[in-house]
Each structure stands twice: as structure tokens, then as C-alpha cells.
Colleague: 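The structure that follows is given in the form of C-alpha cells.
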Number of protein chains: 2
Amino acid sequence: MSVTIKDIAKHAGVSYSTVSKALRDSPLVKKPTKTKIMKIAEELGYQPNVAARSLVQKKSYTIGVVWPSVERVAPSILITNINDILERHSYTTLLSINKLESAIATFNRFQVDAILIFGENEDDKKRSKIQSTVPILYYGIQEGSYFPTIDVNRRLAIKLAVKHLKEIGHQEIAFIGELQTQDPLQREKATGYLEAMNVEKASDLPNLVIPTNGLEVYDGYLAAKSLLTNNKHVTAIVSGSYDLTRGILRAISELSLHVPNDLSIISYDNIPQSPNIEIQLTTVGVPVTRIAQSISETLLSIIEGQELPESIILEPELFITDSCSPIRQQ
Amino acid sequence: MSVTIKDIAKHAGVSYSTVSKALRDSPLVKKPTKTKIMKIAEELGYQPNVAARSLVQKKSYTIGVVWPSVERVAPSILITNINDILERHSYTTLLSINKLESAIATFNRFQVDAILIFGENEDDKKRSKIQSTVPILYYGIQEGSYFPTIDVNRRLAIKLAVKHLKEIGHQEIAFIGELQTQDPLQREKATGYLEAMNVEKASDLPNLVIPTNGLEVYDGYLAAKSLLTNNKHVTAIVSGSYDLTRGILRAISELSLHVPNDLSIISYDNIPQSPNIEIQLTTVGVPVTRIAQSISETLLSIIEGQELPESIILEPELFITDSCSPIRQQ
DNA sequence: TTGTAAGCGTTATCAT
DNA sequence: ATGATAACGCTTACAA
């Protein structure tokens with residue numbers, strides 16, 4: 001049986017409402033009694049009952065996160081960041097790995113203060129029928145969503161990368177990424193590349209667009225091997241993800257090529273780079289900290305009843321470092 | 001503002017206590033009224049308030065899962081399985097990605113019915129000071145835990161693999177896995193290998209124990225490449241994880257070797273194999289479904305107040321298939 | 001400055 | 001078969 005404020009009240013010889021005030025650090029209670037009560041609460045290992053509080057306050061200081069994929073690294077780091085920020089604002093995050101509908105129903109029963117959905121597939125955002133008393137924020141592809149959405153402009157990110165490479169003289173710029181996929185996030189990147197290269201479809205640049213079968217290190221390795229052995233004119237590679245890039249770098253070093261002298265590389269990336277990579281990478285994307293900040297702020301303002309913006313698109317930045325150099329005019 | 005049973009009562013022209021009974025499908029209320037009430041609840045989009053119920057019932061039908069690592073594939077699949085089983089028993093799982101102490105505190109405030117900890121590091125289980133009214137079950141290394149623990153016998157798993165290979169005539173049996181690691185789960189596997197090979201330490205078999213820098217596909221690939229180019233006598237490989245095995249298979253095929261004719265392979269594995277792998281693998285381990293079943297059952301019986309066993313160790317099985325063949329006597 | 005009491009949405013125990 | 005009511009643990013006017 002757990003400790004309640006009544007238990008504390010008995011021990012302290014005060015009424016339980018005084019205890020309640022003391023614990024919430026109300027100015028209506030004297031310092032000495034306050035500290036005495038605090039101490040007793042501590043000793044008894046008191047934990048406030050969320051159910052009781054949220055019943056009367058109609059507020060649970062909890063944010064529900066719909067997390068249908070517990071496996072990807074990038075969103076993992078993102079949710080960790082968000083969690084940290086919200087914690088500082090004394091909110092707790094709770095994740096559900098159930099399907100969208102059922103997760104939302106659960107969170108409604110729990111009366112969480114807001115729901116954050118990590119978008120997985122196109123269908124998610126289209127479910128207009130979903131009922132929720134609790135306000136919802138959606139993180140994923142913006143287009144056509146029925147929920148207020150925060151999105152990262154992946155298309156522009158890759159475009160920036162290609163443009164930068166063109167500006168410093170590159171022409172044979174390859175793209176390595178997932179192409180034949182249902183994942184709209186990946187498709188956006190490919191589209192960005194094609195637009196920046198001024199072509200319609202991937203088949204217009206058969207020697208420069210190398211589709212992968214996944215986003216793992218090994219997929220990048222295979223793609224780069226195939227690219228570099230079949231096409232000797234490539235001077236730059238744009239990579240669709242950090243893991244792919246790691247594989248690409250392995251392939252490059254196996255072929256005794258050098259970055260950036262023989263090849264320039266720009267990697268799409270949100271997450272902070274692990275330092276054990278061989279070279280300081282030029283990256284393009286929205287830093288995870290900025291995404292986390294933006295999502296957290298929006299969540300908080302939604303909770304405070306602010307009229308929520310229909311959609312927020314975060315614009316990417318290019319972080320130019322060693323892995324990228326101007327092409328020597330021949 | 002969300003719909004309550006009082007709202008439903010008004011619409012139905014009955015008292016709210018009748019509504020409560022009807023919704024819980026009590027035999028104390030007539031069919032017609034019951035269906036009428038159900039229908040209205042449906043129409044109004046009623047969701048029961050967990051806070052209110054758990055306050056009076058002292059039961060939330062919720063299990064809190066401490067999930068410090070939101071990134072690994074194997075535990076992801078496990079928690080998904082557990083979630084499914086518990087759902088069938090009308091329990092909801094909620095994950096917290098906070099640190100152990102703070103996650104447990106949160107779940108206590110939420111009055112969840114039980115807490116499941118996914119063990120990450122050695123320290124976790126040693127924290128005897130942790131206060132929790134809610135019963136806790138720990139999944140991870142059993143040894144020295146202060147919580148009731150469910151563990152998988154990884155050491156025996158690898159031993160079984162080595163023994164089987166020996167029985168069918170192999171002698172030069174290599175092990176590829178993570179060695180210099182803090183992760184006790186990985187260390188157990190290496191220990192199992194060393195014990196089965198009757199040696200003290202890894203350095204006693206320098207040509208057969210190949211440590212990796214991680215558990216990714218590429219790590220397996222690199223290790224196998226190095227193993228097979230430096231040691232021509234190897235006839236069998238035991239792999240510490242499924243992803244490593246995928247890399248090992250790549251390396252083998254690049255060297256134009258054939259499984260199982262040139263090399264037998266046994267892979268440690270819990271998760272069901274993805275069908276797109278080239279060969280049906282001989283695996284050893286406890287199937288994830290059995291782990292999930294065992295954890296769920298234990299959780300449920302803990303909740304029902306059963307005296308909980310101090311620790312449960314799940315024993316591995318060997319699944320022999322194509323990737324493993326007897327050695328030809330020379 | 002402290003105590004009293006009402007009420008949050010639900011279940012459960014009594015009456016009716 | 002249905003309704004009235006107390007209780008769960010807490011916050012918050014309001015009274016003292």
C-alpha cells in the first residue's frame with residue numbers, strides 16, 4: 001500500500017490539505033512546517049498519485065508518444081532529446097508501441113496532455129476518422145496530413161548538397177540512397193536530387209543514381225563499390241543517410257581512393273556525428289537538437305491552448321567541412 | 001472536454017451507475033438498456049477515464065516498461081511480442097525512456113500494476129536502494145540482481161553450438177562476436193565458447209576468436225574476411241548475433257566459399273529469421289516467442305499476487321538446418 | 001497560517 | 001433491474 005498525503009499529515013500533525021500545499025511549495029504555508037512536511041514525505045518515500053491529481057486538475061503533465069517502430073536509431077535519438085527538454089518543463093513522456101488508433105485511444109483514456117505521433121507510413125496521417133480529445137502533433141511527412149505536422153525538408157536538404165557541389169565545380173554528382181521504397185522520407189531525398197540535377201526520373205541518370213536495398217552500412221558499401229567500379233568519372237557523392245555514408249567511406253578506402261581529393265562527399269544527417277568516423281563529414285540536414293526543440297516548443301504551446309500552426313517545416317543547413325573540396329579545372 | 005458516464009446517462013435517461021454497469025457488461029442490467037447505452041457511448045466517442053478507475057480500483061491495467069535503449073532490434077521485437085500477449089489479457093504497456101530511477105518513480109506515480117525493466121548495464125540490477133511499491137521484473141543478466149529476474153542462458157547457447165559442431169567432426173571452430181565490451185550479454189557468449197573449447201581465455205585461441213567492434217552486419221563481414229584469409233583451416237564458425245552472421249555470409253560468398261560444404265555456420269539468434277537471407281541458418285538460442293511468453297506470464301502472476309520466483313533462466317535450443325554439415329574425415 | 005469541505009470520474013455497496 | 005451514495009487521493013476555494 002502506498003503512502004498518501006493523509007499518512008504524511010498524521011505524521012506531521014497537520015491537516016492533509018496543508019500537506020498538499022506544502023508539497024506544491026505554496027506560499028500559503030510557513031517555512032518551518034513546509035520543511036518538516038517535506039522531510040517526512042521524503043522519509044516515507046511518498047510518490048504523488050498521478051491518477052488523483054489528474055482527476056481534479058484535468059492535467060496529467062504527461063505527453064503520449066506514438067512510437068510504432070521501436071527500432072530506428074535516428075528517431076530514437078530524437079525522442080531522447082525531446083524527453084530531456086520536456087522533463088525540464090516538468091513533463092513526462094510515455095511511449096506506446098501500439099498501432100496508431102489504439103495508442104491514441106490509450107492516451108485519451110490516460111488523459112495525457114498532448115500526443116506526439118512519429119509518422120511511419122503514408123496511411124497514418126490520412127486517418128481523419130481518428131477521435132481524440134487530446135491535441136495531436138504529427139512528426140513526419142507534411143503533405144496531406146489531417147494533423148498539425150512538423151516536417152523536415154529533406155528534399156531541400158539534398159538539393160542544397162547538390163547545389164553546393166555544383167558551385168564548387170562538380171558535375172558528375174552521384175546519389176546513393178533508398179529509392180524503390182514505400183518510405184516517403186527516403187523518396188523525398190531522391191526527388192531532391194533529381195530536381196537539383198534537372199532531370200525527371202532516376203533512369204535519366206543510370207550511372208549516377210545508385211539505389212540501395214536498405215539504409216544499413218553494408219548497403220552503402222555495396223552501392224559505392226558498384227558505383228565506383230562502373231563509373232570512373234564520378235567526382236562527388238551525395239549520401240541519403242549517415243549509415244550509408246559509413247559504408248561508402250569503407251568502399252572508397254578499399255579502392256584506395258581519397259576523400260576529398262578523389263571524391264567529395266556530402267551526407268544527409270540529423271544526428272550528431274560519432275567521433276570515431278575517419279573524416280569530418282560535410283553534412284546537410286536539420287540538426288536533431290533543432291527538431292527536438294521545435295517539437296517540444298510546439299507541444300508545450302499546444303498544451304497551453306495556443307492556436308496551433310497547421311504545419312511547420314524545418315529547413316536544413318549545410319555544414320561544410322573536410323569531406324568536400326572544389327574540383328580542379330581540367 | 002471529454003465524455004463521461006454522466007453524459008451518457010443523461011442521453012440514455014438512466015442513472016450513471018447503471019451506465020457504469022452496462023459498460024462493464026454486468027449481468028445486473030437488462031439486455032435492451034445495455035445495448036442502448038453501448039450505442040450511445042459509441043456515438044459520443046466515450047473513453048473511460050483511467051485515472052478515475054484506477055483511483056477506485058487501485059489497478060490501472062497497465063504495465064510500465066523501462067526502456068533505456070530505444071535502438072536495438074532484438075529487444076524491440078521482444079517488447080512487441082510481450083505487448084501483444086498482454087493486450088490479449090487486457091493490459092496496456094507503456095514505455096519510459098528515462099533513467100531507471102526516474103522511470104520507476106514515474107510508474108509508481110502512475111500506479112501501474114507491474115514494472116518490467118530491460119536490463120542495459122550491470123549497474124541497473126544492483127540498485128537495491130530503489131523504492132517501488134509496484135512489483136518489478138527484470139529482464140537481463142541474472143547474476144547478482146536485486147530484482148526477480150528472467151534471463152536467457154546465452155552461455156549455454158553458444159556451448160550447445162560448439163558441442164554440436166564437435167559432435168559432427170569439427171575441430172577448428174571459430175567464434176565471431178563482441179569481446180572487449182561492457183555488455184555482459186555479449187561477454188556471456190564468449191565465455192560459453194571458451195568453456196566449450198576447453199580454454200581459459202581468448203588469447204589461447206588467437207586464430208579462432210575474432211572480436212568485432214560492434215554487432216552490425218559490417219562488423220561480421222570484416223571479422224569473417226580477416227578470419228578466413230588468415231586461417232585456412234577453419235571448418236566452422238559460431239556467430240554471436242544474427243546481424244554478424246549476415247556479414248559473415250557476405251564475406252564467405254565474396255571469397256567464393258560455400259556453406260555448408262566449405263564452412264558450417266551456427267548463429268546465435270532469438271528473433272525469427274527474415275526470409276530474404278540466402279540460406280536457412282542453423283541457429284541456437286531461446287526463441288523470442290518463448291521469452292515473451294515467459295515474461296508475460298510472470299508479469300501476470302506477479303500482478304495476481306503470486307509469490308514470484310527469484311529468478312527464471314530460459315534454456316536455449318538448437319535449430320539444425322542447412323548451414324551446418326558433418327566434416328568429411330581426411 | 002492552517003483546516004474544512006467540495007468535487008474530479010469511476011466503481012462498488014447498498015437500497016429500492 | 002435500476003438508482004443513490006460512499007469512497008479512491010488529490011487540489012482548491014473558502015472558512016476559521
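Just so we're on the same page: letters track the sequence lines, and every chain starts at 1. Because the structure is a prediction, the values reported are computed rather than measured.
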Colleague: Write down the atom of Ala52(A), the atom of Leu55(B), and the distance for their closest heavy-atom approach.
Modeller: CB-CD1, 3.8 Å
Colleague: Using a heavy-atom cut-off of 4.0 Å across all strands, would you classify Ser54(A) as base, sugar-phosphate, or nothing?
Modeller: nothing
Colleague: Can you confirm whether Lys10(B) is buried at NZ, in the sense that more than 12 heavy atoms of other residues, nucleotides or ligands lie under 6.0 Å from that atom?
Modeller: no
Colleague: Which nucleotide sits closest to the side chain of Val14(B): dT11(D), dG9(D), dG3(D)?
Modeller: dG3(D)
Colleague: Output the rounded distance in Å from OH (Tyr61(A)) to C1' (dT11(D)).
Modeller: 11 Å
Colleague: Report the distance from atom CD1 of Ile8(B) to atom C1' of dT11(C), rounded to the nearest whole Å.
Modeller: 15 Å
Colleague: According to a strict under-4.0 Å criterion, is Gln57(A) in side-chain N/O contact with OP1 or OP2 of dC8(C)?
Modeller: no
Colleague: Whether Ser15(B) contacts dG3(D) is assessed here as follows: a side-chain N or O lying under 4.0 Å from the phosphate OP1 or OP2. Is that the case?
Modeller: yes
Colleague: Return no unless some side-chain N or O of Arg53(A) is found under 4.0 Å from OP1 or OP2 of dG9(D).
Modeller: no
Colleague: So if I take every side-chain heavy atom of Ser17(A) and compare against dG3(C), dG7(C), dA7(D), which nucleotide ends up nearest?
Modeller: dG3(C)
Colleague: Between dT1(C) and Thr18(A), is there an OP1 or OP2 to side-chain N/O distance shorter than 4.0 Å?
Modeller: no
Colleague: Taking all heavy atoms of Ser102(B) and all of Glu87(A), pick out the closest pair and write down the distance.
Modeller: OG-OE2, 3.9 Å
Colleague: Take the protein atom OH of Tyr16(B) and the nucleotide atom C1' of dT2(D), then report the distance between them rounded to whole Å.
Modeller: 14 Å
Colleague: Return whichever of Lys21(B) or Leu55(B) has its heavy-atom-nearest nucleotide of DNA chain D closer to the 5' end.
Modeller: Lys21(B)
Colleague: For Lys31(B) and for Ala51(A), find the nucleotide of DNA chain D with the closest heavy atom, then tell me which residue's nucleotide is more 5'.
Modeller: Lys31(B)
Colleague: Can you measure Lys30(A) atom NZ to dT2(C) atom P for me and round it to whole angstrom units?
Modeller: 5 Å
Colleague: For dT11(C), take OP1 and OP2 only and decide whether either is under 4.0 Å from a side-chain N or O of Ser20(B).
Modeller: yes
Colleague: Can you tell me how far apart OG1 (Thr106(A)) and CZ (Arg109(A)) are? Round to the nearest 0.5 Å.
Modeller: 4.5 Å
Colleague: Expressed as a whole number of angstroms, how long is the span from Leu44(A):CG to dG9(D):P?
Modeller: 15 Å
Colleague: At less than 4.0 Å, is any side-chain N or O atom of Tyr46(B) found next to OP1 or OP2 of dT10(C)? Yes or no.
Modeller: yes
Colleague: Whole angstroms only, please: what is the CG-P distance between Asp25(B) and dT10(C)?
Modeller: 17 Å
Colleague: Can you check the Ile37(B) CD1 to dT2(D) P distance for me, whole Å?
Modeller: 8 Å
Colleague: Is there side-chain contact between Phe107(A) and Val134(A), with heavy atoms separated by less than 4.5 Å?
Modeller: no
Colleague: Return the value, rounded to whole Å, for the distance between atom NZ of Lys59(B) and atom C1' of dA12(C).
Modeller: 16 Å
